[in-house]
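What follows is a single structure, written as structure tokens, with notes after it.
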Amino acid sequence: MRVSIFAGLGEQSIEIILEQFVQALLKIAGDRFQIKIYRPSQPLRKRLGDTPIGRLAFYFEIGFMYGI
């Protein structure tokens with residue numbers, strides 16, 4: 001099974017939880033999961049900074065880049 005994870009908000013606590021989640025999935029399911037973590041380059045968010053609009057830009061970029 002393929003698992004896609006979209007990350008990159010730049011929050012350290014989220015990144016730690018993400019790493020723990022991936023390790024738990026691999027420990028439980030082994031090689032049954034193919035895990036891919038996407039971290040977009042975020043040109044809009046970098047330009048807008050860590051603001052509510054900048055965070056919204058993150059989700060816009062994911063939708064635009066990965067078609068969700």
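Just the heavy atoms: all of them, side chains too, but no hydrogens, waters or symmetry mates, feed the values below.
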May I ask whether Met1 and Leu26 are part of the same hydrophobic cluster, defined by side-chain heavy atoms of I, L, V, M, F, W, Y residues being less than 4.5 angstrom apart, directly or through others?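 Result: yes, single cluster for both.
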NZ-CZ distance between Lys36 and Arg2, expressed to the nearest 0.5 angstrom: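 So the NZ of Lys36 and the CZ of Arg2 are separated by 11.5 Å.
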Between CZ on residue Arg32 and CG on residue Leu25, distance to nearest 0.5 Å: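 Output value for this atom pair is 10.5 Å.
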Counterpart residues, side chain to side chain contact (heavy atoms under 4.5 Å, CB included), relative to Ile5 (two or more places apart):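 With neighbours one apart ignored, the set is Val3, Leu18, Phe21, Val22, Ile35, Ile37.
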Do Gln23 and Lys27 have side-chain heavy atoms sitting under 4.5 Å apart?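 Gln23 does not reach Lys27 side chain to side chain.
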With Gln20 via side-chain hydrogen bond (donor to acceptor under 3.5 Å, both in side chains) - residues at least two apart: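 Result, side-chain hydrogen bond (donor to acceptor under 3.5 Å, both in side chains) vs Gln20: none returned.
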Test question: given the 4.5 Å side-chain rule for I, L, V, M, F, W and Y, name all other residues clustered with Ile17, or answer none.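 Answer for Ile17: none, a lone residue.
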